[in-house]
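Take a look at the structure below.
Only a predicted model underlies this, so the values are computations on that prediction, with no experimental measurement involved. Note that these values count all heavy atoms, side chains included, but never hydrogens, waters or copies made by symmetry. Residue numbers start at 1 and run along the sequence shown.
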Amino acid sequence: MLLSLTIRDVVLIERLDLDLAPHLSVLTGETGAGKSILLDSLGLALGMRAETGLVRQGASQAAVTAAFDLAADHPARELLAEQGIEAEDTLTLRRIVTAEGRSRAFVNDQPASVGLLKQLGAMLVEIQGQFEQYGLLDPATHRDLLDAFAADPAPAFANAEAHRQWRGAAAELDRAEATLAQARAEEDFLRHALAELDALSPKPDEETSLAETRALLMHRAQIIESLSAALGEIEGDRGALRQLNTTARQLEKIRDKAAGRLDTVISAVERSLIETTEAAALLEAAARDFDGGDGNLDHVEERLFELRALARKHQVTVDELPALHEEVARRLAAIDLGESGLARLRQAEQAARGRFVKAAQALSAQRKAAAARLDKAVAAELPPLKLERARFATSLIPLPEAQWNEDGAERVAFEVATNPGSAPGPLGKIASGGELSRFLLALKLVLARVSTVPTLVFDEVDSGIGGAVAAAVGERLHRLGAEVQVLVVTHSPQVAARGRHHWRVAKRAKGSHVETTVERLDTSQRREEIARMLAGAEVTVEARAAAEQLLSLNPTQDLLL
């Protein structure tokens with residue numbers, strides 16, 4: 001609900017602070033008093049287009065602030081959260097326009113884009129006027145309004161979930177088909193690559209192992225020569241083994257004569273002899289290992305160079321060749337098994353599509369039933385509004401399959417036919433200004449309980465009507481005000497008398513210029529204003545009596561003493 005509207009330096013308004021209230025509020029005043037300035041100011045705060053002509057002459061900038069009471073479950077809170085703006089119980093929208101045409105916007109005193117201001121404004125206020133309408137004239141809102149009127153969200157939720165699953169299955173099928181198509185385009189290359197990899201059969205960490213082996217084999221001759229020389233030093237005619245054996249025999253000859261004092265020495269010599277014998281055996285084994293023939297080095301080098309060449313060909317490292325081998329084999333297997341896999345995915349996609357079609361049909365059936373109820377309810381409101389020859393129709397237009405979406409398989413359009421026998425057409429194109437406002441009033445009255453927009457503004461909804469029709473308009477605005485906050489700019493005394501609150505817009509001289517003022521009226525002032533609207537320039541006793549009678553029809557009016 002709109003709590004307050006603060007206006008600074010807009011056209012003829014220098015300073016104005018309006019504290020607004022729930023239910024139906026009416027604004028009256030003579031033509032040219034400045035009622036449209038109030039709507040232009042409100043539109044400015046709601047993110048509508050800013051004109052430099054709005055800035056009061058002599059002022060550097062115009063500023064408008066609109067404060068709203070924000071319900072805990074209002075969708076504007078989600079939008080604020082997405083923008084990183086903390087949602088409070090009171091939401092403040094502010095717009096500043098300089099005399100040079102520059103514009104700034106603020107949400108809860110935080111700088112914001114005009115686009116965000118407009119998004120929030122559309123959630124908070126609908127303006128219905130003779131020349132500009134918002135909200136119900138946007139076909140994009142009709143489907144959600146009809147679903148809300150149906151009062152059962154389950155079919156819409158089921159449809160959205162079925163569509164999500166269907167699109168997921170379709171996306172998986174698309175990916176599989178694309179993968180298979182790409183694999184088929186590369187099939188010859190893949191089969192050739194697999195043959196090369198199969199022939200070479202690369203092993204993990206093989207490059208490191210081969211490089212180490214190659215390094216050893218490149219020094220084999222030097223190693224064998226050194227091993228032979230070392231073995232000669234051990235086993236030769238004057239080698240260590242012969243010397244140790246000779247030493248051991250000499251010590252054994254005198255062991256008994258030494259009274260045990262040579263036992264430790266003899267043991268050490270014997271151990272040296274054993275270790276030297278073992279060292280000789282190990283040297284012989286090492287020499288045999290390195291003396292494996294001249295072809296070993298060539299084989300190792302050929303294997304290593306083949307691995308490196310294949311790695312370069314596929315732009316990977318040698319260590320990555322085993323993984324590449326597995327990947328190529330997997331892709332070829334996918335080609336071989338691709339058709340059967342695609343068949344399963346196609347079946348899954350068709351099954352998901354069938355579930356969506358079933359959910360969409362259930363949602364369509366609910367919408368058809370709700371549309372019939374909505375059309376009947378709106379039709380009941382039209383005759384008193386002098387639209388008895390008109391017809392309101394909620395159309396469900398099937399969408400081509402390519403446009404099916406989470407909202408169903410049809411679009412919804414509110415249409416009217418103003419003459420018998422004529423085909424219904426879009427609201428904004430078929431009805432004239434006055435007719436359109438009354439159509440929207442009837443529709444709003446029926447949809448009031450399901451709309452999330454808490455404030456409605458009607459600009460001269462009574463244009464071109466009077467008498468009983470104006471009274472019917474006033475009575476319906478009064479009923480609508482019981483559901484949402486309604487602000488009405490009116491020239492009709494029958495409409496004005498139905499208001500819960502009444503403001504009068506007037507011009508007055510202030511020094512060398514004229515300014516627009518807005519005054520909240522008490523009971524006696526209301527009577528006098530409505531009498532003026534009835535009588536014209538000169539208010540008569542009869543006009544006051546008629547005004548009194550009109551006011552008596554509205555027992556809920558706000559009496560200000």
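- Side-chain N or O atoms of Arg355 include none that pairs as donor or acceptor with a backbone N or O of Ala162 at under 3.5 Å.
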>> Is there a salt bridge (Lys or Arg N to Asp or Glu O under 4.0 Å) between Glu177 and Arg346? Walk through the geometry before answering.
In response: CA-CA 10 Å; Glu177 288 177 337; Arg346 288 191 184 102; 3.5 Å; yes
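- At distances below 3.5 Å, not a single donor-acceptor pair connects side-chain atoms of Thr65 with backbone N or O atoms of Arg94.
- Checked against side chain to side chain contact (heavy atoms under 4.5 Å, CB included), Ala63 has the following partners two or more places apart in sequence or in another chain: Arg8, Ile96.
- Atom NE2 of His142 and atom CG of Leu145 lie 7.0 Å apart (nearest 0.5 Å).
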> Are Val125 and Leu487 close enough, and set up right, to give a side-chain contact (heavy atoms from CB on, under 4.5 Å), and what steps lead you there?
Replying inline: CA-CA 10 Å; Val125 180; Leu487 279 67; over 6 Å; no
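- Minimum heavy-atom separation, Leu44 to Arg49: CD1-O, 4.5 Å.
- Pairing each heavy atom of Arg411 with each of Leu399, the nearest pair is N-CG, 3.9 Å.
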Only pairs under 3.5 Å count here: list side-chain donor-acceptor contacts from residues 107-116, not counting sequence neighbours, and write none if there are none.
residue	atom	partner	partner atom	Å
Asn108	OD1	Thr92	N	2.9
Asn108	ND2	Glu86	O	3.2
Ser113	OG	Leu116	N	3.0

>> Please determine whether side-chain contact (heavy atoms from CB on, under 4.5 Å) holds for the pair Val489 and Leu39, giving the CA-CA distance in whole Å, both sets of side-chain angles, and the decisive distance to 0.1 Å.
In response: CA-CA 9 Å; Val489 175; Leu39 297 187; 4.1 Å; yes
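- To the nearest 0.5 angstrom, Leu117 atom CG is 10.5 Å from Phe106 atom CZ.
- The 12-atom threshold is exceeded at CG of Asp152, counting heavy atoms of other residues, nucleotides or ligands nearer than 6.0 Å.
- Between Glu126 and Lys444 a salt bridge is recorded (basic side-chain N to carboxylate O distance below 4.0 Å).
- Environment of CZ in Phe157: sparse, with no more than 12 heavy atoms of neighbouring residues, nucleotides or ligands closer than 6.0 Å.
- A salt bridge does not link Glu349 to Arg353: none of the charged side-chain nitrogens sits closer than 4.0 Å to a carboxylate oxygen.
- The ring pair (Phe, Tyr, Trp, His ring centres under 6.0 Å) contacts involving residues 338-390 comprise His163-Phe356, Trp166-Phe356, Phe356-Trp404, where partners must be two or more places apart or lie in separate chains.
- A salt bridge links Glu161 with Arg164; the closest basic N to acidic carboxylate O contact falls under 4.0 Å.
- The shortest heavy-atom contact between Arg95 and Ala50 is NH2-CB, 3.4 Å.
- The environment of Gln222 atom CD is sparse: at most 12 non-hydrogen atoms of other residues, nucleotides or ligands sit within 6.0 angstrom.
- When atom types are taken as modelled, the side chain of Ser364 and the backbone of Ala360 share a donor-acceptor pair closer than 3.5 angstrom.
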>> Run the salt bridge (Lys or Arg N to Asp or Glu O under 4.0 Å) test on Asp89 and Arg77 for me, step by step, so that the C-alpha distance in whole Å, both residues' side-chain angles and the decisive distance to 0.1 Å come before the verdict.
In response: CA-CA 10 Å; Asp89 291 339; Arg77 290 182 178 270; 3.3 Å; yes
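- Proximity of Asp40 to Val10: side-chain heavy atoms (C-beta onward) are nowhere separated by under 4.5 Å.
- Counting heavy atoms from C-beta outward, Gln485 and Pro454 have side chains that stay 4.5 Å or more apart.
- Inter-residue side-chain proximity for Asp147 and Val450 is flagged as unmet; no heavy-atom pair is nearer than 4.5 Å.
- Between the NZ atom in Lys358 and the CG atom in Leu363 there is a gap of 14.5 Å [rounded to 0.5 Å].
- Within the 4.5 Å cutoff, side-chain heavy atoms of Lys386 are placed close to those of Arg438.
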> Checking side-chain contact (heavy atoms from CB on, under 4.5 Å) for the pair Thr455/Val484: CA distance, chi angles, key distance, verdict?
Replying inline: CA-CA 6 Å; Thr455 300; Val484 295; over 6 Å; no
> Hey, mind stepping through Val11 and Leu54 against side-chain contact (heavy atoms from CB on, under 4.5 Å) and telling me if it holds?
Replying inline: CA-CA 5 Å; Val11 191; Leu54 288 175; 4.0 Å; yes
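- To the nearest 0.5 Å, the span separating CG on Leu80 from CG on Leu91 amounts to 5.5 Å.
- Panel note: side chain Arg330, backbone His325; no donor-acceptor pair is recorded below 3.5 Å.
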Under 3.5 Å, sequence neighbours excluded: what are the donor-acceptor pairs made by side chains of residues 200-208?
residue	atom	partner	partner atom	Å
Ser201	OG	Lys203	NZ	3.1
Lys203	NZ	Ser201	O	2.8
Glu206	OE1	Lys203	N	2.9
Glu206	OE1	Arg303	NH2	3.1
Glu206	OE2	Arg303	NE	2.7
Glu206	OE2	Arg303	NH2	2.9
Glu207	OE2	Arg308	NE	3.0
Glu207	OE2	Arg308	NH2	3.4

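- Taking 4.5 Å as the limit, some side-chain heavy atom of Phe458 sits within range of a side-chain heavy atom of Leu456.
- Side-chain atoms of Pro424 and Val416, non-hydrogen and from C-beta on, never get closer than 4.5 Å to each other.
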Compile the donor-acceptor pairs under 3.5 Å between side chains in residues 311-322 and protein atoms, sequence neighbours left out, one pair per line.
residue	atom	partner	partner atom	Å
Lys313	NZ	Glu196	OE1	3.0
Lys313	NZ	Glu196	OE2	2.9
Thr317	OG1	Glu320	N	3.3
Thr317	OG1	Glu320	OE1	3.4
Glu320	OE1	Thr317	N	2.9

Name every donor-acceptor pair, under 3.5 Å, that has one atom in a side chain of residues 368-385 and the other anywhere in the protein, sequence neighbours excluded.
residue	atom	partner	partner atom	Å
Asp375	OD1	Thr394	N	3.0
Asp375	OD1	Thr394	OG1	2.7
Asp375	OD2	Thr394	N	3.2
Glu381	OE1	Arg476	NE	2.6
Glu381	OE1	Arg476	NH2	3.4
Glu381	OE2	Arg479	NH2	2.9

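- Between the side chain of Asn159 and the backbone N or O of Glu406, at least one donor-acceptor pair lies under 3.5 Å.
- Atoms CG and CE, from Leu46 and Met123 in turn, are 13.0 Å apart once rounded to the nearest 0.5 Å.
- In this structure, His23 contributes its side chain and Ala482 its backbone to no donor-acceptor pair below 3.5 Å.
- Within the 4.5 Å cutoff, the side chain of Val488 has no heavy atoms near those of the Leu27 side chain.
- No more than 12 heavy-atom neighbours from other residues, nucleotides or ligands sit within 6.0 angstrom of CD on Glu78.
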>> Working note: Arg389 + Thr418, criterion side-chain hydrogen bond (donor to acceptor under 3.5 Å, both in side chains); need CA distance, chi angles, decisive distance, verdict.
In response: CA-CA 6 Å; Arg389 295 168 61 84; Thr418 55; over 6 Å; no
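- No donor-acceptor contact under 3.5 angstrom links the side chains of Thr98 and Gln61, judged on distance only.
- No donor-acceptor pair closer than 3.5 Å links the side chain of Ser395 to the backbone N or O of Ile397.
- The aromatic ring centroids of Phe414 and Phe392 lie less than 6.0 Å from each other.
- If you take CG on Leu20 and CG on Leu42, they are separated by 9.0 Å, rounding to the nearest 0.5 Å.
- Remark: the backbone N or O of Glu187 is not paired with any side-chain donor or acceptor of Arg331 at under 3.5 angstrom.
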